[in-house]
Amino acid sequence: MQLGLVGLGKMGFNMRDRLRTHGHEVIGYDPRPEVTDVESLAALAGALQAPRVVWVMVPSGTVTRETITALATVLDDGDLVIDGGNSRFTEDKIHADLLAEHGIGYLDCGVSGGIWGLENGYGLMVGGSDEDVARVMPIFDALRPEGERADGFVHAGPVGAGHYSKMIHNGIEYGLMHAYAEGFELLEAEDLVTDVHGVLRAWTKGTVVRSWLLDLLVKALDEDPNFAEISGYTEDSGEGRWTVEEAINHAVPAPVISAALFARFASRQSDSPAMKAVSALRNQFGGHAVQRVSESG
Ligand SMILES: O=C(CO)[C@H](O)[C@H](O)COP(=O)(O)O
């Protein structure tokens, strides 16, 4: 089928390739002339046959809002927009209502698979009506991994359910990555273990903790033993924060995901004001020694 694809970054670019390989006609728009097929959103709308389907794959937040607002002005009654980015699920009803004013349908789709999705397929979590999902199913089938549809695709519920599911997926991602990271540091800390890399590699086959993330950890160590080339400073894009906010909203205890999120904040501090306060308090009440700035390495 024919699809308009807005956003040809790391994800959108590969998705265009995968869809074309599976026989779909994809017309891509991106502000960067070196990757785009058309010059503008209006040109994209003009190049697609009605009723049009347009997949938006741009950064969440302002860029997504601006793109959907602009699409509402160039698309028509009967067209359909899919937001495949990592938008916060609370944005979905706003976007669906905005498009509905013009008779344009809306689906939200959480997409997992990163840069490996081109080859391996993407895990898809979709929110929206049965009718709209059925209309885009050939596209979903081309993007998801080969095999049973239930493996790698879910129509999770109404509008918002796809991005809610993806947010929780990413929260789990935070916790899993952090558990492996702590295990790595604990292995490194003990002199008895002389081949940490080898232990992790051995765990990738047969063990209870084998996983794709563990495979990627071993791959990263293959490329940069002991992570000599990278610092521990770790960014976040928002989904971990939103997951923790939902844990609070629903009074769901989520200590693992919360700790993994807060560890990222800690990673950005060269020195911790909070730990300075703890050290100062130990000194105040117990006379315990503090390490002076002049003594620290
Ligand atoms: O969707 C993804 C993977 O499934 C993104 O890569 C992930 O959300 C990155 O998030 P963060 O920057 O917060 O680690």
Side-chain angles (χ1 to χ4, degrees), residues 5-18 55-65 67 82-92 95 107-127 140 143-145 151-154 156 160-182 184 211-220 223-224 227 230-248 254-269:
L5 180 54
V6 180
L8 300 168
K10 284 197 293 277
M11 292 291 285
F13 188 89
N14 281 351
M15 288 166 70
R16 178 173 65 177
D17 264 12
R18 185 171 171 94
W55 187 299
V56 177
M57 207 66 201
V58 301
S60 64
T62 310
V63 184
T64 296
R65 173 65 60 85
T67 303
I82 306 151
D83 178 8
N86 273 342
S87 293
R88 191 173 185 159
F89 77 100
T90 47
E91 293 285 289
D92 290 316
H95 293 157
L107 292 173
D108 55 289
C109 180
V111 179
S112 180
I115 52 175
W116 298 83
L118 172 62
E119 198 180 328
N120 300 339
Y122 302 88
L124 305 175
M125 297 139 258
V126 182
F140 294 142
L143 289 173
R144 69 180 181 79
D151 299 337
F153 173 85
V154 64
H163 278 143
Y164 188 89
S165 305
K166 180 66 188 341
M167 176 189 72
I168 302 304
H169 163 284
N170 282 14
I172 293 169
E173 183 181 286
Y174 273 56
L176 287 175
M177 287 195 293
H178 206 73
Y180 286 124
E182 287 183 3
F184 167 70
S211 75
W212 188 56
L213 282 173
L214 182 60
D215 295 346
L216 292 179
L217 180 59
V218 171
K219 178 173 178 296
E223 291 167 6
D224 181 4
F227 298 132
I230 58 171
S231 89
Y233 184 106
T234 307
E235 285 287 2
D236 73 294
S237 310
E239 301 228 57
R241 298 178 193 219
W242 305 335
T243 304
V244 171
E245 285 176 30
E246 287 312 305
I248 293 165
V256 172
I257 296 172
S258 307
L261 172 68
F262 293 156
R264 293 198 190 189
F265 298 161
S267 81
R268 300 170 205 165
Q269 296 177 317

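Just follow the structure's listing: the first ligand is 1, and inside any ligand the first atom is 1. The first residue of the sequence shown is numbered 1, and numbering continues consecutively from there. Atoms considered below: every heavy atom in the structure, side chains included; atoms not considered: hydrogens, waters and symmetry mates.
A search for side-chain hydrogen bond (donor to acceptor under 3.5 Å, both in side chains) contacts involving Q269 returns nothing, not counting sequence neighbours. In this view, Y164 and F89 satisfy the ring-ring contact (aromatic ring centres under 6.0 Å, His included) rule, not counting sequence neighbours. When the side-chain contact (heavy atoms from CB on, under 4.5 Å) test is applied to V63, the partners found at least two apart in sequence or on another chain are V58, P59, T67.
Here the closest heavy-atom approach between residue A156 and residue G162 is recorded as CB-N, 4.5 Å.
In this structure, the separation between NE2 on H178 and CD1 on I257 is 13.0 Å, given to the nearest 0.5 Å. Atom-to-atom distance recorded for N86:CG and E91:CD is 12.5 Å, nearest 0.5 angstrom.
Ligand 1 lies under 4.0 Å from heavy atoms of N86, S112, K166, H169, N170, E173, Y174, D236, S237, R264.
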